[in-house]
Chemist: 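This is the structure, below, for whatever I ask next.
Reminder, nothing fancy here: chain letters follow the sequence lines and each chain counts from 1.
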Amino acid sequence: MSEGERATRRARLEALREKGIDPYPARVGPREAIAVVRSRFGEQSAEALEVDPQTVAVVGRIVAVRSFGKLVFVRLLEAGETIQVSVRRQEIDAELFDWIRSFDVGDFVRIEGPVWRTRTGELTVDAKAAQILAKSLRPLPEKWHGLTDVESRFRQRYLDLLSNEQARRIAVLRSRTLSAMRAFLDARGFLEVETPVLQPIYGGAAARPFDTHHRRYDQKLYLRISDELYLKRLVVGGLDRVYEIGHNFRNEGISRKHNPEFTMMECYQADADYRDMMDLSEEMIREIAERVCGTTRIEYQGTTLDFGAPWRRVPMRDAIRDATGIDVLEHGDLEALSGAMRGRGLEPSDAPTWARLVDDLFSDRVEPDLVQPTLVSDYPLDLSPLAKRSVEDARLVERFEPFVAGMEIGNAFSELNDPDDQRARLEQQRRALAAGDEEAHPLDEDYVMALEHGLPPTGGLGIGVDRLVMILADVPNLREVILFPHLRPIAPDGAPEEP
RNA sequence: GGGCGCGUAGCUCAAUUGGCAGAGCAAGGGACUCUUAAUCCCUAGGUUCGGGGUUCGAUUCCCCGCGCGCUCACCA
């Protein structure tokens with residue numbers, strides 16, 4: 001950066017201190033929100049304001065200065081709203097004029113004075129008094145192009161938020177999505193709870209965990225990959241509608257759709273099954289879309305996604321058969337299915353089991369085309385060690401996942417509540433883990449014990465909040481909706497270099 | 001992790017075959033009482049991501065490293 005500009009601002013800061021003015025005062029004088037001032041005077045004509053002058057005080061960050069010598073226009077930004085300030089040499093004494101002129105773009109100030117309208121009709125506060133609220137020592141990004149460098153936008157998100165309308169819009173939209181989600185669940189009697197992020201045994205999903213260590217207890221701990229097992233313990237305990245919105249941590253690759261730390265909503269409802277959760281997920285996302293976007297028809301990357309209509313529901317078997325002509329249940333083992341795929345000119349992946357091959361086939365041939373909201377159900381049992389067996393086919397489980405825009409945005413099932421079946425399934429996972437499958441589930445004896453006390457029939461649903469926000473915000477990259485996405489440190493010690 | 005691409009002033013971007021590193025905005029000085037990216041004149045601002053190599057000479061070509069993007073793999 002230009003030392004000149006930093007030095008200039010620094011010098012002005014020192015000048016303030018020498019004059020006994022705190023550049024970062026603890027108290028702000030009385031003021032009104034810019035939005036309030038704008039709406040209060042929005043209807044009043046220039047003449048009305050001239051006849052009956054009203055004095056207001058506003059605060060904000062200076063985002064532009066246009067000087068005409070003895071007349072200066074300054075634009076203040078506060079809470080996404082701006083207002084113009086005029087400083088007129090003729091109206092105030094030289095000392096105050098110079099004082100206000102010494103403010104830099106980026107400074108936070110308080111301005112007090114009567115409201116008037118310029119010749120172009122712009123509502124303007126004519127400065128009669130001014131207070132510095134916080135001195136800015138570094139320049140803001142360029143006013144017209146804003147900040148476009150992707151890396152800088154993520155590393156210095158505050159600058160992105162300041163200079164790019166889109167960034168602010170997404171941040172607000174995300175917050176509203178969370179509010180709408182909570183409102184939906186609260187209204188249905190779900191209790192918001194908090195469960196451990198630091199877990200002695202991770203579980204509830206297939207993923208590699210981050211691990212850490214508790215010094216005092218000399219205990220190995222994992223950052224949760226899911227809150228599932230704790231939430232179901234709460235249902236055992238009689239909290240029969242619970243949800244949690246929190247971060248999960250998965251030690252996996254980073255992509256457009258993956259961040260190592262992401263936000264998941266999980267809810268559990270006693271006396272419900274996966275069909276009930278299908279209804280719940282449809283209604284939830286429909287209501288969120290309505291509340292956040294004002295419509296259930298969402299434009300996403302040039303396609304209109306219709307969350308209003310009943311979502312398409314399709315068993316995984318049918319979806320794969322429709323896409324490939326292969327009935328995975330008629331080719332019920334690895335060799336048979338591999339053979340059937342080759343017969344259709346498809347190269348089977350090197351999946352180790354039938355279930356994995358089904359999953360790969362689905363991911364490759366079906367998932368990308370699931371653009372309109374779709375609930376895909378009845379997954380292979382081996383992929384779902386926490387889901388209840390399907391009553392129709394013992395190879396399947398009562399599970400579904402919602403897909404939108406070719407992207408999985410959730411996961412749900414009739415929760416497995418048979419402790420013996422659960423133990424057996426987790427034993428199998430443990431063997432896979434021991435055999436080198438790093439995403440297999442460990443066996444959580446304490447969880448199985450909880451099931452032995454009795455988990456009622458329960459439906460569970462998880463929604464990937466970041467991905468949902470991607471859809472609602474119409475952005476193709478998860479990092480746009482995560483305020484501080486994971487990035488490598490810029491310097492070896494993790495501290496940004498002093499520019 | 002692989003492949004491809006990118007990295008130049010605070011920001012947005014130029015720079016001919018390898019030949020003095022430039023512009024706009026922002027900043028500093030000056031003019032200007034109605035601007036909305038104000039305008040006009042002047043000034044200053046650079047480890048061209050870092051290191052090495054080739055060369056009389058490297059922003060440019062080569063190698064290594066770092067960071068970012070896209071993509072594939074992995075992964076929900």
Chemist: Write down the partner of rG5(B) under the Watson-Crick or G-U wobble criteria, each distance required to be under 3.5 Å.
Modeler: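 Its partner is rC68(B).
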Chemist: Only pairs with both distances under 3.5 Å count, Watson-Crick or wobble alike; so what is the partner of rG10(B) in this structure?
Modeler: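 Its partner is rC25(B) (Watson-Crick or G-U wobble, both distances under 3.5 Å).
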Chemist: Once side-chain hydrogen bond (donor to acceptor under 3.5 Å, both in side chains) is applied, do any residues pair with D98(A), and if so which ones, sequence neighbours excluded?
Modeler: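 Result, side-chain hydrogen bond (donor to acceptor under 3.5 Å, both in side chains) vs D98(A): none returned.
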Chemist: Counting only Watson-Crick pairs (N1-N3 plus N6-O4 or O6-N4) and G-U wobbles (N1-O2, O6-N3), all under 3.5 Å, who is the partner of rG45(B)?
Modeler: none
Chemist: Can you list every pair that meets salt bridge (charged side-chain N to carboxylate O under 4.0 Å, His left out) and has a residue in residues 244-260 of chain A, with sequence neighbours left out?
Modeler: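 Output for this query lists R208(A)-E252(A), R224(A)-E244(A).
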Chemist: Can you find an N or O donor on one side and an acceptor on the other, under 3.5 Å apart, linking the side chain of E122(A) with the base of rU35(B)?
Modeler: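 Under the 3.5 Å cut-off, the side chain and the base do not form any donor-acceptor pair.
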Chemist: Considering only the C1' atoms, how many Å lie between rG1(B) and rC13(B), rounded to the nearest integer?
Modeler: 34 Å
Chemist: So which protein nitrogen or oxygen atoms get under 3.5 Å of nucleotides 12-14 of chain B's nitrogens or oxygens?
Modeler:
from, atom 1, to, atom 2, distance (Å)
rU12(B), OP1, T148(A), N, 2.9
rU12(B), OP1, T148(A), OG1, 3.3
rU12(B), OP1, D149(A), N, 2.9
rU12(B), O3', T148(A), OG1, 3.3

Chemist: Which residue pairs satisfy the side-chain hydrogen bond (donor to acceptor under 3.5 Å, both in side chains) criterion with at least one member in residues 369-378 of chain A, sequence neighbours excluded?
Modeler: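 The answer is Y274(A)-D378(A).
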Chemist: For A205(A), answer base if it contacts any base atom (sugar-phosphate contacts may also be present), sugar-phosphate if it contacts only those atoms, and nothing otherwise; contact means non-hydrogen atoms under 4.0 Å.
Modeler: nothing
Chemist: Taking only residues two or more places apart in sequence or in another chain, which ones pass side-chain hydrogen bond (donor to acceptor under 3.5 Å, both in side chains) with D160(A)?
Modeler: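 Testing D160(A) for side-chain hydrogen bond (donor to acceptor under 3.5 Å, both in side chains), a comparison that skips the adjacent residues, returns R153(A), R157(A), N164(A).
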Chemist: Which residue pairs satisfy the salt bridge (charged side-chain N to carboxylate O under 4.0 Å, His left out) criterion with at least one member in residues 87-96 of chain A, sequence neighbours excluded?
Modeler: R88(A)-D126(A), E91(A)-K128(A)
Chemist: Could you note down all residue pairs passing side-chain hydrogen bond (donor to acceptor under 3.5 Å, both in side chains) where residues 352-363 of chain A supplies at least one of them, sequence neighbours left out?
Modeler: S349(A)-D360(A), R356(A)-D437(A)
Chemist: Check whether any side-chain N or O of R138(A) sits under 4.0 Å from OP1 or OP2 of rA27(B), and answer yes or no.
Modeler: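 Checking R138(A) against rA27(B): no side-chain N or O falls below 4.0 Å of OP1 or OP2.
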Chemist: Would you say the side-chain atoms of W116(A) and S86(A) include a donor-acceptor pair closer than 3.5 Å?
Modeler: yes
Chemist: Quick test of your reading: applying salt bridge (charged side-chain N to carboxylate O under 4.0 Å, His left out), list the pairs with at least one residue in residues 55-79 of chain A, sequence neighbours left out, ordered by first then second residue.
Modeler: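 Output for this query lists R75(A)-E122(A).
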Chemist: Taking only residues at least two apart or on different chains, which pairs with a member in residues 400-411 of chain A satisfy side-chain hydrogen bond (donor to acceptor under 3.5 Å, both in side chains)?
Modeler: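 Passing the test, one end in residues 400-411 of chain A: Y379(A)-E401(A), R399(A)-E401(A), R399(A)-N411(A).
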Chemist: Could you run down the sub-3.5 Å N/O contacts of the protein with nucleotides 29-33 of chain B?
Modeler:
from, atom 1, to, atom 2, distance (Å)
rC32(B), N3, S67(A), O, 3.4
rC32(B), N3, G69(A), N, 3.4
rC32(B), N4, G69(A), N, 3.2
rU33(B), OP2, F68(A), O, 3.2
rU33(B), O4, Q90(A), OE1, 2.7
rU33(B), O4, Q90(A), NE2, 3.3

Chemist: Taking the same atom, C1', in rC63(B) and in rA58(B), what whole-Å distance lies between them?
Modeler: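 Between the two C1' atoms, the distance is 14 Å.
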Chemist: Closer than 4.0 Å, any side-chain N/O of K143(A) to the OP1 or OP2 of rA37(B)?
Modeler: no
Chemist: Using the C1' atom as the point on both nucleotides, what is the distance between rU60(B) and rU8(B), in whole Å?
Modeler: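 Looking at atom C1' only, rU8(B) and rU60(B) are 12 Å apart.
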Chemist: Restricting to pairs with a member in residues 132-159 of chain A, which pass ring-ring contact (aromatic ring centres under 6.0 Å, His included), not counting sequence neighbours?
Modeler: none
Chemist: Taking only the side-chain heavy atoms of V105(A) (C-beta and beyond), determine which of rA27(B), rC34(B), rC75(B) contains the nearest atom.
Modeler: rA27(B)
Chemist: Can you tabulate the close N/O pairs, meaning under 3.5 Å, that link protein atoms to atoms of nucleotides 70-72 of chain B?
Modeler:
from, atom 1, to, atom 2, distance (Å)
rC70(B), OP1, N477(A), ND2, 2.9

Chemist: Looking only at side-chain N and O atoms, does Q428(A) offer a donor or acceptor that is under 3.5 Å from a partner on R431(A)?
Modeler: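 R431(A) vs Q428(A): no donor-acceptor pair found between side chains.
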Chemist: In whole Å, what separates the P atom of rC61(B) from that of rG5(B)?
Modeler: 11 Å
